[in-house]
Q: 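Pasting a structure below so you can have a look.
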Amino acid sequence: MPELPEVETVVRSISGHLVGKRIVNARFSSNRVTRGDHAATGTALIGATITDIERRGKQIWICLDRGFLYVHLGMTGKLLWNGKPGKYTRASLDFDDGTLLFDDIRTFGRFEFFGAKENALGRVGPDALTVSAQEFLSRLKERRGRIKAVLLSQSFLAGVGNIYADEALFAARIHPRAMAGRLSEARSRRLHSEMVKILSEAIRHKGSSISDYVDGFGERGSFQQLHKVYGQTGKPCPSCGTEIRRIVVGQRGTHYCPRCQRV
DNA sequence: ATCTATTCCTGGCTGC
DNA sequence: TGCAGCCAGGAATAGA
């Protein structure tokens with residue numbers, strides 16, 4: 001499941017192959033990924049030249065000389081350079097020297113053209129990797145929900161998903177059900193620094209390949225081997241040995257150590 | 001305005 | 001072997 005480190009890894013892997021290239025053809029096999037008329041999307045894309053690729057949180061913005069291609073990988077989306085088209089290929093862009101595929105089993109992903117970036121749906125908060133401690137703290141104070149749910153909210157902070165929320169809360173020794181706005185300044189500060197550290201570390205390991213996440217060349221990440229609580233239900237806490245527990249917070253499976261992490 | 005529950009989707013797993 | 005039923009979750013949407 002792609003979160004900030006996985007999306008960053010994908011962007012890094014394909015950027016060099018796309019920037020400066022002209023789209024010579026576009027094909028779609030799903031109306032769902034374009035959230036509308038995919039023929040119009042194709043018309044808008046064919047002939048456009050890619051000028052840059054940006055990431056904000058989990059969003060990918062492929063900047064064109066005539067607009068923007070917004071890509072969100074959702075749960076199972078993949079961008080593959082010169083991959084093999086298959087049953088789940090929802091869109092593909094041809095270039096003179098290769099093809100970019102958008103594969104997505106569960107079709108939670110998006111592959112949409114926008115004339116302007118401002119048209120993007122939903123406001124997203126600052127990027128989790130680059131947000132300053134000061135901004136993180138002041139935004140956290142305004143929130144009244146549980147810290148786990150707040151971390152998952154892209155309007156609060158862009159890029160953190162279920163895996164890295166659990167891992168960051170464990171590292172900061174904060175209980176996932178703690179109320180966000182009531183955390184002390186010291187604990188909030190620690191959460192910020194642990195979160196940035198974990199996201200950076202995960203990028204160095206090319207992300208976490210839990211189910212079928214791969215980068216633009218089909219390569220798996222390795223950070224899943226370093227998860228301390230996510231998916232570790234019943235296993236001993238690496239810090240104190242207590243069994244890792246699984247609860248539900250904000251409708252999401254949540255893994256934590258009941259001894260190390262306090263409200 | 002802010003928070004919570006529901007919905008979309010399909011492969012993989014469990015249990016009968 | 002097959003199949004029903006459930007689970008995973010990002011984020012838009014509806015409801016409180």
Q: Could you state the atom-to-atom distance from CE of A:Met75 to P of C:dA11 in whole Å?
A: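 Answer to the nearest Å: 10 Å.
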
Q: Return the value, rounded to whole Å, for the distance between atom CZ of A:Phe111 and atom P of C:dG10.
A: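 One finds 21 Å between P of C:dG10 and CZ of A:Phe111, rounded.
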
Q: A:Leu69 and side-chain contact (heavy atoms from CB on, under 4.5 Å): which single residue from A:Ile60, A:Leu93, A:Ile50 fits?
A: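 By the side-chain contact (heavy atoms from CB on, under 4.5 Å) criterion, A:Leu69 pairs with just one of A:Ile60, A:Leu93, A:Ile50: A:Leu93.
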
Q: Do A:Arg55 and A:Asp127 meet the salt-bridge criterion of a basic N to acidic O distance under 4.0 Å?
A: yes

Q: Measure CD1/A:Ile210 against C1'/B:dG12 and give the value in whole Å, please.
A: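 Rounded to the whole Å, the gap is 15 Å.
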
Q: Looking only at side-chain N and O atoms, does A:Arg143 come under 4.0 Å of OP1 or OP2 in B:dC3?
A: yes

Q: Of A:Ile105 and A:Gln251, whose closest DNA chain B nucleotide lies nearer the 5' terminus?
A: A:Gln251

Q: Check the pair A:Tyr213, A:Glu3 against side-chain hydrogen bond (donor to acceptor under 3.5 Å, both in side chains), reporting the backbone distance first and the verdict last.
A: CA-CA 10 Å; A:Tyr213 161 74; A:Glu3 302 179 26; over 6 Å; no

Q: Do A:Val124 and A:Val11 sit in the same hydrophobic cluster, where Ile, Leu, Val, Met, Phe, Trp and Tyr count as joined when their side-chain heavy atoms come under 4.5 Å apart?
A: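 Result: no, two separate clusters.
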
Q: Tell me what A:Gly253 touches on the nucleic acid: a base, only sugar-phosphate, or nothing, going by heavy atoms under 4.0 Å.
A: sugar-phosphate

Q: Does A:Phe108 stack onto the base of C:dA11, taking stacking as ring centres under 5.5 Å apart and planes under 30° apart?
A: no

Q: So, OP1 or OP2 of C:dA11: does either fall under 4.0 Å of a side-chain N or O from A:Lys58?
A: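 True: A:Lys58 side-chain N/O within range (under 4.0 Å) of C:dA11 OP1/OP2.
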
Q: Rounded to the nearest Å, what distance is computed from the CG atom of residue A:Asn162 to the P atom of nucleotide C:dC7?
A: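 To the nearest whole Å, that distance equals 15 Å.
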
Q: Rounded to the nearest Å, what distance is computed from the CZ atom of residue A:Arg252 to the P atom of nucleotide B:dA5?
A: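 Distance check: A:Arg252 CZ to B:dA5 P gives 12 Å.
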
Q: Would the base of C:dG10 count as contacting A:Arg110 through its side chain, where contact means a donor and an acceptor less than 3.5 Å apart?
A: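 No pair found.
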
Q: Scan A:Tyr230 against the nucleic acid and name what it touches under 4.0 Å (heavy atoms): base, sugar-phosphate only, or nothing.
A: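 The residue A:Tyr230 makes sugar-phosphate contact but no base contact.
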
Q: Less than 4.0 Å between a side-chain N and a carboxylate O, is that true for A:Lys197 and A:Glu201?
A: no

Q: Rounded to whole angstroms, how far apart are CG on A:Leu152 and P on B:dC3?
A: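 Interatomic distance, CG of A:Leu152 to P of B:dC3: 14 Å.
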
Q: Figure out the NE2/P separation between A:His72 and C:dA11, and round it to whole Å.
A: 3 Å

Q: Considering only side-chain heavy atoms of A:Tyr88, which listed nucleotide, B:dT10, B:dC3, C:dG10, is closest?
A: B:dT10

